[in-house]
Amino acid sequence: MADTQVSAKLSAADREAVMEAIGTIRQKLPFLIDLSTEERKALPKLGDKSRAFVSKALEIAAQNPDFLPRSFDVDEMRRDIELFEALYPILLSLTQLQELVDDTSVAVGSEAYAAGLLVYNYAKASGKGAGLDSMVDDLGRRFARKAKKVQPQTS
């Protein structure tokens, strides 16, 4: 069997505690929104290079509000920037955690699948006459190929 990268157990109590912690995070961030792919693509993005630009623009707007239209809300711009800055370290932390959970899930899934393949191969090779035929056939359905539709030939 291949090397095991992860050998652990997540108890039901720990899983529930993690789910409750995620629920708490959601409760503490009630303003989170869900953008569609189209909405996300249409929005201008504030990345690392643009952060200084936005901060300077806020300073200019705060010190020189006379040239802005009355409908422009400098305080709302300030709140948006403050919220972005507050969310940024949370985003980084959650992204890292999500990558770790995803990588671990992929690794243990791979280990489980590799072990399943070994069981199948051993059962196929050694399970004849041991009452395993129907179970081996059942496992073998995973690898059955679907028949391709025959295209009618045009003359």
Under the 3.5 angstrom rule, does the side chain of N121 hit a backbone N or O of L117 as a donor-acceptor pair? yes
Determine yes or no for a side-chain-to-main-chain donor-acceptor pair under 3.5 angstrom, with Q5 supplying the side chain and V108 the backbone. no
Please enumerate all residues that pass ring pair (Phe, Tyr, Trp, His ring centres under 6.0 Å) together with F84, with sequence neighbours excluded. Y88
Derivation of the side chain to side chain contact (heavy atoms under 4.5 Å, CB included) call for L35 and L43: CA-CA 10 Å; L35 296 173; L43 292 174; 3.6 Å; yes
What I'd like to find out is whether the side chain of D48 reaches to under 4.5 Å of the side chain of R51, using heavy atoms alone. yes
Keeping the roles fixed (side chain from D102, backbone from Q98), state whether a donor-acceptor pair exists under 3.5 Å. no
State plainly whether one hydrophobic cluster holds both L97 and V106, where clusters connect Ile, Leu, Val, Met, Phe, Trp and Tyr through side-chain heavy atoms under 4.5 angstrom apart. no
Taking a hydrophobic cluster as the set of Ile, Leu, Val, Met, Phe, Trp and Tyr residues connected by side-chain heavy atoms closer than 4.5 Å, whether directly or through intermediates, do V119 and M135 fall within one such cluster? no
Within the supplied structure, the quantity of interest is the number of heavy atoms (other residues, nucleotides, ligands) at a distance under 6.0 Å from K28 NZ; does it exceed 12? no
CG of L29 to CG of L83: how many Å apart, nearest 0.5 Å? 8.5 Å
Do you know the tightest heavy-atom contact between V136 and A123? CG2-CB, 3.6 Å
Please tell me whether I81 and L68 are part of a single hydrophobic cluster in this structure, the criterion being side-chain heavy atoms less than 4.5 Å apart. yes
Quick one: does any side-chain atom of S105 pair with a main-chain N or O of V101 as donor and acceptor, under 3.5 Å? no
More than 12 heavy atoms of other residues, nucleotides or ligands under 6.0 Å from CD of Q96: is that the case? no
How would you list, by chain and number, every residue that makes a salt bridge (charged side-chain N to carboxylate O under 4.0 Å, His left out) with D75, sequence neighbours excluded? R78
Test side-chain hydrogen bond (donor to acceptor under 3.5 Å, both in side chains) applied to E76 - qualifying residues, sequence neighbours left out: R79
Find the distance between CG (L118) and OH (Y113) and round it off to the nearest 0.5 Å. 11.5 Å
Rounded to the nearest 0.5 Å, how far apart are CD of Q27 and CD1 of I22? 12.5 Å
Please check: side-chain N/O of K49 versus main-chain N/O of G47, any donor-acceptor pairing under 3.5 Å? no
Assess whether atom CZ of F67 is packed by more than 12 heavy atoms of other residues, nucleotides or ligands within 6.0 Å. yes
K45 (side chain) donor-acceptor with R40 (main chain) under 3.5 angstrom: yes
I'd like to know if the side chain of S36 reaches the main chain of E39, judged simply by a donor and an acceptor atom lying under 3.5 Å from each other, with no hydrogens or angles considered. yes
Using 0.5 Å steps for rounding, measure from the CG atom of L10 to the CZ atom of R15. 7.5 Å
Does CD belonging to E85 count more than 12 external heavy atoms closer than 6.0 Å? yes
Within this structure, what is the CD-CG distance for the pair E59 and N64, rounded to the nearest 0.5 Å? 10.0 Å
Do I25 and M19 belong to the same hydrophobic cluster, where Ile, Leu, Val, Met, Phe, Trp and Tyr are linked whenever their side-chain heavy atoms lie under 4.5 Å apart, directly or via other members? no
To the nearest 0.5 Å, how far apart are NZ in K9 and CG in D14? 11.0 Å
F72-L46 co-clustered via ILVMFWY side chain contacts under 4.5 Å: yes
